[in-house]
Participant: 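Quick one: this structure, given as structure tokens, is what I'll be asking you about.
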Amino acid sequence: MKKIRLLIIYFSLFVICAIVLYPVMLVVILPFQDADELVRTLSPLNEFTGKYVQIDYIAQYPTLNHFKQLLVYTPEFYRVFWNSLYMTGTILLFQLLIAVPSAWAFAKLRFKWKTVLFNIYVIIMLMPFQITMLSQYLVLNKMDLINTRAAVILPAVFSTFPVFLIYRGFSDIPDDVADSARIDGAGELQVLWNIGIPLGRSGILSCIVLSFLDLWNMVEQPLAFIKDKKLFPLSLYLPMLDAVNSEKMLAASVITLIPAAFIFIIGQDYLEKGIIASALKE
């Protein structure tokens, strides 16, 4: 019975993985089809004639021409790619500069109302963007930041989720270790730099992975705060491409997928730890 139960579990997981990975597989396969084959494949989506989409999983005439068209003859792609890199990198940098000392304070320092303040952080973290969008827009508009990259960067820098996630890593550090360093005369920043960050590295790295995957694909924030298409990130550039530009859209989807896949692969272990930590209760 145990073997049968395991087989059922493995088969169920295989089916779920196949369903999840099938769209990703199509994104990778379709850009390598030539123009005529791709038009024939996608034509039922543009105008339904009673026929359904038939996909050749192995391209009959494989080509890299679609990537050439995108990378050589579509200069605006580099602009939106840079916008995504700039926004994501800047937000990650300043998130860490703010979240690491904040998480250390919540985890290892003793001060009044600490539990109340931390619970407020958790409540804010649970609020969807739709609830805070109007208040953020009013503040950013008052600061004349609407339609700038800073309108997306500034609110994301002060996100509460990195603090919560890094806090979990710092909480696992024994208090005696930090107290010993303080007794030896180390300042709080020295304790954080020499003890907190090395021992809480897994929480910090899992925060980087999770935050990158979230920021790289963010849609609502730039859509709400940016009007100039020159400032759009990749996540908004792809929906702008219609069926006429399906070749560019598919090629751009593959290139957009590469950084996220790379970060996921190198940080998979830390990502799993971050998901486990974020699921725990205070």
Side-chain angles (χ1 to χ4, degrees), residues 1-34 37-64 66-67 84 88 125-126 128-130 161 164-165 168 202-203 205-220 233-239 241-243 245-281:
M1 289 296 296
K2 185 176 181 181
K3 290 183 178 180
I4 295 176
R5 188 162 53 248
L6 287 176
L7 287 175
I8 293 174
I9 293 174
Y10 289 147
F11 179 76
S12 301
L13 291 175
F14 175 79
V15 172
I16 294 172
C17 290
I19 294 173
V20 172
L21 293 177
Y22 183 71
V24 180
M25 182 186 69
L26 293 182
V27 169
V28 175
I29 289 175
L30 291 178
F32 294 98
Q33 296 183 354
D34 70 347
E37 187 178 1
L38 193 58
V39 169
R40 185 171 63 255
T41 300
L42 300 179
S43 57
L45 297 177
N46 300 327
E47 183 179 357
F48 184 68
T49 59
K51 297 181 179 180
Y52 294 95
V53 174
Q54 294 182 353
I55 301 173
D56 294 329
Y57 297 104
I58 299 178
Q60 297 180 5
Y61 305 98
T63 178
L64 294 175
H66 304 322
F67 294 95
S84 289
T88 303
M125 181 187 70
L126 297 176
F129 173 72
Q130 290 82 356
F161 179 68
F164 175 79
L165 192 57
R168 284 300 175 186
S202 60
L205 292 177
S206 64
C207 170
I208 293 175
V209 175
L210 285 169
S211 295
F212 180 89
L213 295 176
D214 179 50
L215 296 171
W216 186 254
N217 299 300
M218 63 179 174
V219 174
E220 294 173 325
L234 275 170
S235 55
L236 293 186
Y237 174 75
L238 292 178
L241 300 176
D242 53 18
N245 298 304
S246 57
E247 300 92 345
K248 291 182 181 179
M249 179 176 62
L250 291 170
S253 299
V254 173
I255 296 176
T256 304
L257 182 64
I258 291 175
F262 178 75
I263 294 296
F264 175 80
I265 291 172
I266 64 175
Q268 183 177 3
D269 292 339
Y270 299 108
L271 177 61
E272 293 173 355
K273 293 177 182 178
I275 294 174
I276 293 173
S278 62
L280 297 177
K281 294 182 179 180

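Note that these values count all heavy atoms, side chains included, but never hydrogens, waters or copies made by symmetry.
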Participant: Please name the pair of heavy atoms, one in Leu234 and one in Trp216, separated by the smallest distance, quoted to 0.1 Å.
Facilitator: CD1-CZ2, 3.8 Å
Participant: Measuring from atom CD of Glu220 to atom OG of Ser235, what distance do you get when rounded to the nearest 0.5 angstrom?
Facilitator: 10.5 Å
Participant: Looking at His66 and Asp34, what are the two nearest heavy atoms and their distance?
Facilitator: NE2-C, 3.9 Å
Participant: Kindly compute the distance separating CG (Leu64) from CZ (Phe32), expressed to the nearest 0.5 Å.
Facilitator: 6.0 Å
Participant: State the CG-CZ distance between Leu257 and Phe262, to the nearest 0.5 angstrom.
Facilitator: 13.5 Å
Participant: CZ/Phe11 to CG/Leu6 distance, rounded to the nearest 0.5 angstrom?
Facilitator: 15.0 Å
Participant: Could you walk me through whether Thr256 and Tyr237 pass side chain to side chain contact (heavy atoms under 4.5 Å, CB included), step by step?
Facilitator: CA-CA 11 Å; Thr256 304; Tyr237 174 75; over 6 Å; no
Participant: Within a strict 4.5 Å, meaning less than it, do heavy atoms of the Val15 and Ile19 side chains meet?
Facilitator: yes
Participant: Looking only at heavy atoms, what is the nearest atom pair of Pro31 and Leu250, with distance?
Facilitator: CG-O, 3.5 Å
Participant: Roughly how far apart are Ile258 CD1 and Ile263 CD1, rounded to 0.5 Å?
Facilitator: 12.5 Å
Participant: Can you tell me how far the CE atom of Met25 sits from the CG atom of Leu30, to the nearest 0.5 Å?
Facilitator: 9.0 Å
Participant: Any idea which heavy atoms bring Val254 and Val28 closest together, and the distance?
Facilitator: CG2-CA, 4.1 Å
Participant: For Tyr10, what residues pass the side chain to side chain donor-acceptor pair (under 3.5 Å) criterion, not counting sequence neighbours?
Facilitator: none
